[in-house]
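Structure record follows, encoded as C-alpha cells.
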Amino acid sequence: MRGLAFTRAMQRALANRGSRMLGRIRRTVIVAAVGFAAAVVPFLGAEPAFAHGFSSTVYAKIAAGDEGHIRTTVELEYDLLVVSAADATDDDPFFQAGTAAFEAGDTGAQAAALKNHASTVLGYVADRFSVSARSAACQPTQVGDATIGAREGVPYANLVLDWTCPERVDAHEVRSGLFPDGEGYVKGTKTIVTYEIDGRSGSAALDAANPSFSTGQAWYQRFGEFFLLGAEHLLTGIDHILFLLALIAGSRRLREIVLAATSFTLAHSVTFMLAALGLVEVPGAVVEPIIALSIAVVAGWHLWGIWRRGEHATDLEATRRGHFSLDRAGWIRLGVVFGFGLVHGLGFAGALGIDEAWSWTLLWSLLVFNIGIEVVQLTIIAVVFPLLLLLRRRAPKAGLWATGAVSAGVSIMGLIWFVQRVSGS
C-alpha cells in the first residue's frame, strides 16, 4: 500500500511539475510576443511618405515604331513622377495639381495634370531614360497624351515616346536612371524592360548598379541580371523572409525543413511561371492579404504546438506514414505549406511585373529569376536551421523558448499586415 501511495504521489508531483513547466513556457511566449509587438507596431503603423513605400519599379516596353522610329511605352508610379518631376524643374503648379488629383483618387484629374504639364514630364523622363544607336543619342517625341493605369492598386502614368535615331543599326542601347536614390524619395528603383526589336526579343532588369543594356547583349548578361533581381527580391521582401523563418522554427528535423522548402519551391514556381506568362491573373488585393495570413498561420501552427504540448512540442508521433517518414502533423503541415506556396508565387510574379507574350527567351529569364530566389532561400536555411538544431540539442528548453518567441513575433506581424492589407491602410 505504501508503495502504491508513493507511486501515485510521484505521478502527481510529475504532473504538477509538467503543468508548471508548461505554464512557464506559455508565460515566456506571451511576454516575448507582447514585447515583440510593442517593438514593431509603431513602425508598422507609420504610413510611408508615398503609396508605393520605399522602392519603386518602372516598366518599359520597346518595339519598332513607324517610319524607322523606336517606340517605347514607359510606366511610372504617378505620385512619385509628380513629386520628382516637379522638384527637378521647380514646377510648383504641377506639384499642387498632381498631388491634389492623387489624394482625391481622380484619374481624370491625374491625366489632366500630366497633359497640362507635358513638357515637365517629358523633360524629366527624357533626361533619365534614353535610347541610343552606336553611342549616338536618339531624340524622343511624345505620342499622344499620357494616360493613367494601375499596377497592384497603385496609379501609374503611361507615357508613349517615339525615338528618332541618327542612323539605323542592328542593336540599340537603353539606359534608365529614373527615380534615383539621390532624389531622396525612394531607394533601389528597378526598371523592368521587355523588348522586341532588332530581330530580337527578351527582357532586362536595370538598376543603379546596372543602368543600361544593349539589345545585342549576350544571353548570360541578361540572365545574370535576372538572377540578381530574384535574389534581391527575396532578400528585400520581409514577408517572404518571415514566412521562411516560420517554416524553419516549426520544423523538427532536417527532413521536415527540406520537404517543406521543396514543397514551397514547387508550389510557388508553378504559379510564378503561370502568372508571369499571363496564363493566370489574380489581383494583388487578394494575393497580398493571403500572403500575410500565411505568415501568421505557419508561425501560429508551431506556437499552438508549444501551447498544447510544451517541451514535447517537437516530439514525433509514434506512427509515421509513407516513404518520407512523416507523422500526421508533418503531412498536414506540408499540405498547408504547398497551398500557401501557390499564393506566394503570385506575389513573386506581381513583383516582376512582366506581361509580354510567351517566348523561350522570356521563359529562361523567368527561370533564372526564380533560381535567384531559391539560392537565397536555401542559403538562409543552410545557415539558420543547423544553428537551431545545435541549440535544441545543447539546451532544449532554450531552443523551445527561442522558436516560440520567434513564432509569436512573426505571427503577430503577419496578422497586422493582414489587417492592413485587407483594410487598404
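Small disclaimer: the values here were computed from a predicted structure and weren't measured. Scope of the values below: all heavy atoms of this structure, side chains included, with no hydrogens, waters or symmetry mates.
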Could you verify whether a donor N or O on one side chain and an acceptor N or O on the other, from [X] and [Y], lie under 3.5 Å apart?
X      : Y      : answer
Glu77  : Ser56  : yes
Ser269 : Asn370 : yes
Glu173 : Ser214 : no
Thr164 : His69  : yes

Is a side-chain donor or acceptor of [X] paired with a backbone partner of [Y] at a separation under 3.5 angstrom?
X      : Y      : result
Arg421 : Glu288 : yes
Ser423 : Gln420 : yes
Thr215 : His172 : yes
Ser84  : Leu80  : yes

- Establish, yes or no, whether a centroid distance under 6.0 Å links the rings of Phe179 and Phe129. no
- May I have the step-by-step check of ring-ring contact (aromatic ring centres under 6.0 Å, His included) for Phe340 and Phe264, ending in yes or no? CA-CA 8 Å; Phe340 283 135; Phe264 180 68; 9.7 Å; no
- Taking all heavy atoms of Pro289 and all of Val422, pick out the closest pair and write down the distance. CB-CG2, 3.8 Å
- Where do His344 and His268 come nearest, in terms of heavy atoms and distance? C-CB, 4.2 Å
- Message: Can you confirm if the NZ or CZ of Arg151 lies within 45° of the ring axis of Tyr59 and under 6.0 Å from the centre of its six-membered ring?
- Response: yes
- Message: Any heavy-atom pair between the side chains of Val160 and Thr72 that's under 4.5 Å?
- Response: no
- Cationic N near anionic O, under 4.0 Å, Lys187 to Asp181: no
